[in-house]
Undergrad: 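So that we are looking at the same thing, I have put the structure below in structure tokens.
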Amino acid sequence: MLQLLEPFQYLWNALTAERSPRQIAWGMAIGMWLGMIPKGNLTAWLVGVILLATRVNLGCGMLTAMGVTAISTWVDPLTHGIGQRLLNLEGLRSLLATWHDAPLVPWLCLNNTVVLGSTTLGLVLLYPVQHVMFQIVSWVSPLVQRWWNRKADREAEETPQFPASVEDALRQVAASADGTDTGLA
Amino acid sequence: MFRWKYIIQRLVLVSSGLVLLWLLTNPLLKWAIVYSGTQAVGAKVEIGVLRSLLHRTAFQLGHLQVADPRSPMRNLFEVQKATFDLDSSELLRRRLVVRNGELHDMRLRTERSHSGAVKSEDAQSNGPGWGATISETGEAWLESTASRLGEKVEGDLESVRLGRELLDRWPKDYDRIESEVSGIGERGKRLVEQIKATKQSPLRSVEHYQGLLREIDSLRRDSLSMRERVVALERQIRSDRVALEQAKQHDAEYVKQHLQLASLDPETLTSYLLGEELGGRAMQLLQWVQWGRAQFGGSDEPPSDPRGVDVPLPGLRRQPSLLVQKLSMDGEGTSGGESFAFVGSLHDWTNEPVLHGKPATLHIESTGAVQMLIDAELDHTGGVPRDRLVIRCPQRHQPERWLGDKEKFALRVAPGESSMHVELDLLGDELAGVIRMDQPGVDLEPHLSGTLNRPLVAQRISTTASAIQDLTASLVLSGTITRPAVKLHSNVGQQLADGLRTAFADEVAHRQEQLVSEANQEIEAQLVKLQTKIGEQQKELLEKLQLDSTQINLLKKDLAGFGIPDAADKLLGEKGILRGLLNR
């Protein structure tokens, strides 16, 4: 029965394996980038692949992506303006025109103002967001760790501690014979 | 060397993603087709089963139903199996190109178990349409004719009125004269009695005798005047008869004008008989053309993204995002209760015809009870859309049908074979077209009812209808597709119009004579009877007045017997008072 659950365990581990503050911060930054881009085009898929392929916290990345997607339409006017300005650049337009007829390139939808604008904006904001999130996570993480440890200690005190092995049991008996409090009731 | 834990974890994730994609492809594709189809058609699109064949870049649909937006409880069509082969290289370039599509076992206008409506405000009204409007022009003529034939004009005839007046006046006049003459007679008798009484008592005074003479005088004058009145009345009767004759002539003219029929031209009659049939079909056809143009004519502008604007890139030849290079179809349909099978193909249909540069063409052939060829070309590649539709139906079984209104005038057309040819050209909104219908060896049976059903008319129309061997009609369309103008022509209209006009004109003339003579015959009989009676009364009256003169002679003798020697002379001599009366 437990063997059937192993794939889900792998999945869970994959989502939560990377726990360092930097990995969490990068996960959230890439998730933000993914959330800003309209879905249904290859650009969003590529950013999703980046999120999955890099050693970042996937859980935080996906949660951030979902949250930002929900509010991304609010920034459409901004991203549309950015995209329009970019597409007015002759060099960029020529470059896109050169590549646009290649397979899969049209699926990137980079000639769409909002897609190009949100991709660019997300890329620009990637490092700043990561830096800010890193600072926050670095500050919050020890507090969370301390709280978690305290909780674990409390639980440990409440639960009777049985010797882990025969050697430990003998050591405890010897200690009690010496008068050292072993903690055994 | 390899961090297997990391790789395996990522592989699991990628595999999960791919599995999810594979599982979701069919539902997503189904949703996309249903959504876009519903938006395009304006009614529900339902798919039973969808199977994507990724290795072939194709997908198959099972039991596709597309509802009719104007009749939500019916399907426009239903397809049991549809296959679409897509061009994979175009698909990689974000263009949906159907290289070869097949619609198998297609059925038209099938019933639905539930409504296919998506928007209630799109429901079409079931107004009378053109067919009924065209036929109304001919109905107006028949209504007018029927009311003319049924109209009662006897009350308006002057001769009838005058005759009735004379019938009333003459007897009264004569009764009055008769009573006055009787009165004179009575006075004469009284005078005789008085004179007899005087004989008994001869010693009466002179004044008494003078009174008697005065009475005799008065009697004489009254008799004379009465005779004049009797003669004057005879003259009056003669002049009344002359006036009556004049009134009869006037009435003949009046009836002739009043019952005059409005002119009937062949087009009016054709509209009445064939307006609903041909006009109704034309209207239906134009509605379908208009709807098809709106739904499938494509547009000059590219499909818009809900988010952002797609900027055209320089030097890049834009191509349509959706193109059907070839779509073949086969199926069955019913028309007039009879089934037919059809096969057809659609080429080069796209949502952006200006970019594609080629017109879309449709070709359908049907066999069975309805043999038909449909060729359509939708050329929206230029600035102004040009559409052409040609429908040839060389042989079609026509069941028995009625042309016109059975409540007034209708033609029963026996079952037979007919052919139909339709050509429609649309340049922008400008419409030009013709619908031709031919039914050789036709058997027509006219049917008249109400006031129009007269033996003479029925016989004449029946003869005219039996002479018609073929039924040909053409409906010429012009104007615009939203406000079309229609002109109907038919051989039946020309031939029947002549027959109807003649038949009803004869009927009206017959009715005119009948009216005048019927009315006057009655009056004439009464007047003759009255005139005879008056003639006899006149003789009698004159005889009465004559008798009174005889009585006066007797009076003379009596007065002479009284020994008044000159009394008799005074009364009855050459210059006697009463002599004049006796001589007149």
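Just so it is clear: chains get the letters A, B, ... in the order the sequence lines come, proteins before strands, and each one is counted from 1.
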Undergrad: Can you tell which part of R317(B) gets under 4.5 Å to a heavy atom of chain A, answering side chain, backbone, both or neither?
TA: neither
Undergrad: Given P106(A), which of R95(B), R94(B), E90(B) fulfils the side chain to side chain contact (heavy atoms under 4.5 Å, CB included) condition?
TA: R94(B)
Undergrad: To the nearest 0.5 Å, how far apart are CG in L313(B) and OG in S94(A)?
TA: 9.0 Å
Undergrad: Quick one: CG on L87(A) to CG on D310(B), what's the gap to the nearest 0.5 Å?
TA: 9.5 Å
Undergrad: Is atom CH2 of W288(B) surrounded by more than 12 heavy atoms (other residues, nucleotides or ligands) closer than 6.0 Å?
TA: yes
Undergrad: Between CG of L92(B) and CG of L42(A), what distance do you get to the nearest 0.5 Å?
TA: 10.0 Å
Undergrad: Looking only at heavy atoms and a cut-off of under 4.5 Å, which of S72(A), G40(A), G48(A) has the most pairs with chain B?
TA: S72(A)
Undergrad: Could you list which of residues 113-131 of chain A have a heavy atom closer than 4.5 Å to any heavy atom of chain B, in residue-number order?
TA: T113(A), V114(A)
Undergrad: Which distance, rounded to the nearest 0.5 Å, do you find between the NZ of K39(A) and the CZ of R307(B)?
TA: 7.0 Å
Undergrad: Check whether more than 12 heavy atoms from other residues, nucleotides or ligands sit under 6.0 Å from atom CZ of R112(B), and answer yes or no.
TA: yes
Undergrad: With a 4.5 angstrom heavy-atom cut-off, could you sort out which part of T98(A) is near chain B: side chain, backbone, both or neither?
TA: neither
Undergrad: Where on D76(A) is there a heavy atom nearer than 4.5 Å to chain B: the side chain, the backbone, both, or neither?
TA: side chain
Undergrad: Of all the heavy-atom pairs spanning P314(B) and A97(A), show the shortest one and how long it is.
TA: O-CB, 3.3 Å
